[in-house]
Protein chains: 2
Amino acid sequence: MKTLKDVALYAGVSVATVSRVISGNYPVKETTRKRVLEAIGTLDYHPNGVARSLKNAKTYTLGVLVPDIANPYFVQLVRAVEASVEKLGYHLLVASSDEKASKESELIRVFLEKRLDGMIIAPVSVTPATDWPQLIVNALPIVLVDRILEGIMIDSVREESRQSSKELVTHLLGYGHRAIGIVNGRTSTTALERESGYREALQEAGIIPPEDFMVRGDYDHKTGYLAGKRFLSHKEQAPTAVFCTNNLIALGFLQAVHELGYRVPEDISIVSFGDPFEATFQSPKMTIVVQNPAEVGRYAAFMLLEKLDGKPGKNVEVILPTVIRLGDSVRAPREPAQMYSN
Amino acid sequence: MKTLKDVALYAGVSVATVSRVISGNYPVKETTRKRVLEAIGTLDYHPNGVARSLKNAKTYTLGVLVPDIANPYFVQLVRAVEASVEKLGYHLLVASSDEKASKESELIRVFLEKRLDGMIIAPVSVTPATDWPQLIVNALPIVLVDRILEGIMIDSVREESRQSSKELVTHLLGYGHRAIGIVNGRTSTTALERESGYREALQEAGIIPPEDFMVRGDYDHKTGYLAGKRFLSHKEQAPTAVFCTNNLIALGFLQAVHELGYRVPEDISIVSFGDPFEATFQSPKMTIVVQNPAEVGRYAAFMLLEKLDGKPGKNVEVILPTVIRLGDSVRAPREPAQMYSN
DNA sequence: CAGATAAAAGTAAACGTTTTCTGTATTTAA
DNA sequence: TTAAATACAGAAAACGTTTACTTTTATCTG
């Protein structure tokens, strides 16, 4: 690949002049500018961004670290971030932590070494790994999305989760359900919040759910599928309604229900978090807390860009409101509610 | 951020020694190694990857350029690429061209300037933009995915498309359909191949489809939706079956059908390209050509890594086979087939 | 047309690494 | 105990930019 020096030689000027033509920040005589531009064209010169980044201490690249890049929720989020930052010339290094703290640490290290200008992270766990405090010290611009960390104040954007979970479960209670299960993630704040909303709703109804109604697994298809199989294989002791805390879990659960020959909502009612469009042609149409990952992404991008711009930044914690969209995945339990209250 | 110099100063050695400790490629006395490692730890030193890349002419970053990063097809593809290259220490810069040649050019330029080690691209158009030839000359390792370019030989991986399109349409013909529409993309090779398969099947049946049965738009939801509205708003002249050439188009078309109060396959039969899992709970279950983007991604990654390894490379053109999965989105047309043959 | 001033272009240092080339301890052999 | 060999460690150049500083060239004024 050609360098400034090659161009300079060809155009018969110094490298400084070529650099100035390219940057456009300095006066260059029109005739020489022409000559340089021509040289650049014929030599097919492309500036070396690496050298430039070294000199300028700026890479124009942002790191995005999500648990699963294939989860539609994060796909939407990432796309919104990309769309928000592209006009300012930033590009994205996207990576998946697979919900593993070790991979998260490793990738943060990579981001650091690559000298990315900032990062957007959906942390794996509530309790920050050892690397996190360093990060803060290093003052690298960070915005957390979807989840937060306990004990460390970092700018974050997420969607309301506890209250809406409570409402979902209350909705089920309103239909007469008493045996209500939950299929949840494990380590993230969202998982805790959603479980907390679930518990609150039940508590206010005087219900204490049995331990085996509460599944803690991963935010993935498999967890939902296995939970569905487990719940429904002993139908008599199964919950009459289930709260799936995430879109993938809901999908997996649904598949299990179908495979076992049961139907929603005739045999079991389901509510979940999800994307209204994704579910458009699903049968049945699910009653969901409508999530808006794109909005989360836009906010996160905005906040990160502000920081990059040198704005002071006062550790904002943005919580976006959510709404519930009713579908037809809920109806009253067929049998009289078994008594799990005490 | 700390530098080698800081560490060297702190440990009382030269920068060269610190560098050698880090790389591990040179002999360093155990006691000094310890001292250096300690310095690195207490100073929280992270090597500057930018400087390293400049020196080594290697960024360990690959560019991935797809038309739409939110399309599940490309999401799967990208994820497979990521999974394939991560163990070798490569990371991904992902960007969307939005099916715009201008954006594609721009992003290729960015990739070039960032000195990425290689790129994987799903080109927007069959006819290469002016930048493409340069790319080849620059000998930057490239692998095309999903689509190819006319007139330039570049390694590529894609799925068989023409023959399977033909089979899909033949399947429709077998059910007695004669008025068969197609909703397609515009510029890519896949669009051409799918249309070509469609035409062949019809031709062999002695049918020449009217121009307005052939919609050419984008590979997106909207194109499918609009086509659906258009076809079905004049039901009497509408096709009795439609071939949607892509998952998003199919989804959009389906939505239009639903909104207009029609049903599949009672009122109209549909076949398409798609992902068998995505469609699991769709009603109806679509008859599709099963695509396997992950496999495409794995192949592309493998081929790119080979090139990066300095393997000669002989311009391979990989075409992965596809299979058809029958669903229940097709049945015989209700009214006697109108005659479009001649 | 000389001298002052403004404009344009050149020189060289710096960014933070890696690595070749040297130099100095330390070990080994005689 | 000394010469040769080996093992470590340092100095400095190089990667390709940007930019402060300096020098050259062009322009202006009287």
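Basis for what follows: all heavy atoms, side chains included, without hydrogens, waters or symmetry-related copies. Below, read A as the first sequence line, B as the second, and so on, with proteins coming before strands; counting in each chain starts at 1.
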For [N], take OP1 and OP2 only and decide whether either is under 4.0 Å from a side-chain N or O of [X].
X: T3(A); N: dG16(D); result: no
X: S19(B); N: dT18(C); result: yes
X: T32(B); N: dA9(D); result: yes
X: Y26(A); N: dC21(D); result: no
X: S14(B); N: dG10(D); result: yes

Take the protein atom [atom1] of [X] and the nucleotide atom [atom2] of [N], then report the distance between them rounded to whole Å.
X: R20(A); N: dT17(D); atom1: CZ; atom2: C1'; value: 13 Å
X: L4(A); N: dA12(C); atom1: CG; atom2: C1'; value: 15 Å
X: I22(A); N: dT18(D); atom1: CD1; atom2: C1'; value: 11 Å
X: K55(B); N: dT20(C); atom1: NZ; atom2: P; value: 9 Å
X: D6(B); N: dC15(C); atom1: CG; atom2: C1'; value: 13 Å
X: E113(A); N: dG16(C); atom1: CD; atom2: P; value: 15 Å
X: N56(A); N: dA14(C); atom1: CG; atom2: P; value: 17 Å
X: E30(B); N: dA25(C); atom1: CD; atom2: P; value: 22 Å

If we check side chain to side chain contact (heavy atoms under 4.5 Å, CB included) with L62(A), which of these qualifies: V94(A), I120(A), L116(A), L304(A)?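 Answer after filtering V94(A), I120(A), L116(A), L304(A): L304(A).
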Quick one: which of P67(A), P123(A), S125(A) gives a side chain to side chain contact (heavy atoms under 4.5 Å, CB included) with E104(A)?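 So the option named by the test is P123(A).
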Which part of the nucleic acid does V13(A) contact within heavy-atom distance under 4.0 Å: base, sugar-phosphate only, or nothing?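 If one applies the 4.0 Å heavy-atom cut-off, V13(A) turns out to touch the sugar-phosphate alone, with no base involved.
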For V28(B), answer base if it contacts any base atom (sugar-phosphate contacts may also be present), sugar-phosphate if it contacts only those atoms, and nothing otherwise; contact means non-hydrogen atoms under 4.0 Å.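 If one applies the 4.0 Å heavy-atom cut-off, V28(B) turns out to touch the sugar-phosphate alone, with no base involved.
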After noting the C-alpha distance and the side-chain angles of Y73(A) and E159(A), does the key distance pass the side-chain hydrogen bond (donor to acceptor under 3.5 Å, both in side chains) rule? CA-CA 12 Å; Y73(A) 184 86; E159(A) 300 186 81; 2.7 Å; yes
Taking the minimum atom-to-atom distance to the side chain of [X], which one of [options] wins?
X: N48(A); options: dG10(D), dA9(C), dT17(D); value: dT17(D)
X: A51(A); options: dT17(C), dA9(D), dG16(D); value: dG16(D)
X: A16(A); options: dT19(C), dG16(D), dA12(C); value: dA12(C)
X: R52(A); options: dG10(D), dA9(C), dT18(D); value: dT18(D)
X: L54(B); options: dT17(D), dT19(D), dG16(C); value: dG16(C)

With no angle test and no hydrogens, is the base of dA7(C) tied to the side chain of K29(A) by a donor-acceptor pair under 3.5 Å?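 No, no donor-acceptor pair under 3.5 Å.
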Would you say OH of Y60(A) has more than 12 non-hydrogen atoms from neighbouring residues, nucleotides or ligands within 6.0 angstrom?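 At most 12 heavy atoms, drawn from other residues, nucleotides or ligands, come within 6.0 Å of this atom.
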Could you check G12(B) against R115(B) and say which one's nearest nucleotide on DNA chain D is further toward the 5' end?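 Nearer the 5' end of the strand: G12(B).
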Heavy-atom side-chain proximity of L93(B) to L92(A) below 4.5 angstrom: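 A side-chain contact under 4.5 Å is absent here.
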Enter the distance from I121(A):CD1 to S97(A):OG here, rounded to the nearest 0.5 Å.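 Reported to 0.5 Å precision, the distance equals 9.0 Å.
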